[in-house]
2 protein chains.
Amino acid sequence: MRILLVEDEPELASALKTALRRYDMVVDHAASLLEAGDFAASENYDAILLDRQLPDGDGLTLVPKIRARGNATPVLVLTARSDTSDKVDGLDMGADDYLAKPFAFEELLARLRALLRRPANVQTQVIRAGDLAFDLGHREVLVRGEPLTLPRRELLVLEALLRRTGRMVQRSSLMEAVFGLDDEIQSNALDTHVSRLRRKLAEADAKVEINGVRGVGYLLREIS
Amino acid sequence: MRILLVEDEPELASALKTALRRYDMVVDHAASLLEAGDFAASENYDAILLDRQLPDGDGLTLVPKIRARGNATPVLVLTARSDTSDKVDGLDMGADDYLAKPFAFEELLARLRALLRRPANVQTQVIRAGDLAFDLGHREVLVRGEPLTLPRRELLVLEALLRRTGRMVQRSSLMEAVFGLDDEIQSNALDTHVSRLRRKLAEADAKVEINGVRGVGYLLREIS
DNA sequence: TATCGCGCAATGCTTCTGCAATGTTGGGGG
DNA sequence: CCCCCAACATTGCAGAAGCATTGCGCGATA
């Protein structure tokens, strides 16, 4: 899951980023309207967290702009103002939800999950392959019922591959799933994670294997 | 956005169609399993809404069928039955999400959006010939649903030929497609790649064959 | 502060790929 | 009608490019 966080206050931004990371989200941070527009145009996000008060204008104006580009990414607006008229404004302009500051992080997360349609209490989606079961909602990997704990980046790699079990995942697409924009990667970090993941899958005897395809990417397949 | 709606109950079908149109989706409607199979084979859809109870059988059986043809279109299953075992069945057969009737239209739409938002499920162009399916976007070749991994140059040869299945491709045009303008090739490298590709296509029994035409170039034909 | 995750870089290895040598085919001229 | 040459087919090989693996150190986390 990839989130665009638009928030100019550095302290809050950094706190949110850290908190969201803990839920295995890849977070890109934009501190201004301008930056946010660029980010939203160039990447695919699963949701946008949007502050209204930004140095270069009202965050809300971003919404019709990206909607006009045919982008339906759910937007959750954060704001200090909380009267009803503000809320109506926000929703009218195409935002999907509205949260007044100050807020409890729990509530933010709950609303975010609702936007992403991953309510924790409802039956969550599980992807299976080989003896693996990846519970997308609980961010948990089971091998024949036994939990397999994986570090964040490896989990993201596995998720991206599992979503296309048996089929190619381009290298670029994997990079997008695993790294945010400000993770400046200039090495074979992805290969590293794949390698470590491979070892763990083999050790757990998960009955899946990750094949690399030179010049294209990776694919995960079930083995008997 | 192009949706295939598979639903035999006329009233519900028509209501859904109208509702989805309102969200700028192009909806094709199939009322039977047979019809659905034809539609899915001949068009590229961004998602399929699939009812299970159809006059000529269980809608779910459609899923493995289209997957076997190398079609990865996300499928959202609609059903009256809603016990957990049914859901697991559905997801195991390759469906992407599951929604029990009766449902709120809002929820259907949200789940549909969620499916379409997954970057992995962005519909890319697929060229078919014989038992081959070349997914241009993912740079992947499937033979009857099984991935066939090919090195870059052979992939380029195949792509160029597939784009003109059954018609001549001039040698010079192939050269350009495979080596680009920068590579200075001064050998029979192209012939080499064609040869290696031929062997792999034969081994995979892809039901296509590459014919050379002296002095002109190559063409790819389907064989029975 | 001890642990763990993570990016990085060095190393070794696999696979690709251009090339050339050799085999095969086909068509036009003698 | 047959031969010969040119064009294509196939295969082994070696250089190169890309990938896999591993140890290391820094920095984040608890």
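Below, chains carry the letters A, B, ... as their sequence lines are ordered, and counting in each starts from 1.
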Peer 1: Identify the two heavy atoms, one from B:Pro147 and one from B:Glu140, that lie closest to each other, and give their separation to 0.1 Å.
Peer 2: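 Distance-wise, the nearest heavy atoms are CB-OE2, 4.4 Å.
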Peer 1: Below 4.0 angstrom, N of the basic side chain to O of the carboxylate: do A:Arg221 and A:Glu209 qualify?
Peer 2: no
Peer 1: Whole angstrom is fine here: how far is it from CG in A:Leu201 over to P in D:dT21?
Peer 2: 12 Å
Peer 1: Without decimals, in angstroms, what is the distance between A:Arg152 CZ and D:dA30 C1'?
Peer 2: 17 Å
Peer 1: In this structure, how many angstroms lie between the C1' atom of C:dC6 and the CG atom of A:Leu150, rounded?
Peer 2: 14 Å
Peer 1: Quick check for you: to the nearest 0.5 Å, what is the distance between A:Ile48 atom CD1 and A:Thr73 atom OG1?
Peer 2: 5.0 Å
Peer 1: Any sub-3.5 Å donor-acceptor pair from A:Arg153's side-chain atoms to A:Val157's backbone N or O?
Peer 2: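 No: the side chain of A:Arg153 does not pair with the backbone of A:Val157.
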Peer 1: Once you round it to whole Å, what is the distance between C1' of C:dC6 and CG of A:Leu155?
Peer 2: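 That distance rounds to 15 Å.
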Peer 1: In whole Å, what is the span from the CZ atom of B:Arg214 to the P atom of D:dC4?
Peer 2: 17 Å
Peer 1: Using whole Å, what does the distance between atom C1' of nucleotide D:dT29 and atom CG of A:Asp24 come to?
Peer 2: 15 Å
Peer 1: Grab the two heavy atoms, one from B:Ile127 and one from B:Leu162, that are nearest each other, plus how far apart they are.
Peer 2: CG2-O, 3.8 Å
Peer 1: Inspect the contact between A:Arg171 and A:Asp191 and indicate whether a charged nitrogen and a carboxylate oxygen are less than 4.0 angstrom apart.
Peer 2: yes
Peer 1: In whole angstroms, how far is the P atom of D:dA20 from the CG atom of A:Leu174?
Peer 2: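 Those two atoms, CG and P, are 11 Å apart.
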Peer 1: Among residues 204-211 of chain B, which residues get a heavy atom nearer than 4.0 Å to DNA chain C?
Peer 2: none
Peer 1: For A:Glu9 and A:Glu11, indicate whether the former's side chain and the latter's backbone hold a donor-acceptor pair under 3.5 Å.
Peer 2: no
Peer 1: Is B:Tyr218 near enough to D:dA7 that one of its side-chain N or O atoms lies under 4.0 angstrom from OP1 or OP2?
Peer 2: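 For D:dA7, neither OP1 nor OP2 has a side-chain N or O of B:Tyr218 closer than 4.0 Å.
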Peer 1: Ignoring hydrogens and angles, tell me if any N or O in the side chain of A:Asp131 forms a donor-acceptor pair with the backbone of A:Arg144 under 3.5 Å.
Peer 2: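 Flag not set: sc A:Asp131 to bb A:Arg144 has no pair under 3.5 Å.
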Peer 1: Heavy atoms within less than 4.0 Å of DNA chain C: which residues of residues 187-199 of chain B have one? Give them sorted by number.
Peer 2: B:Ser187, B:Asn188, B:Ala189, B:Thr192, B:His193, B:Arg196
Peer 1: Hey, are A:Asp24 and A:Arg152 close enough for a salt bridge, meaning a charged N less than 4.0 Å from a carboxylate O?
Peer 2: no
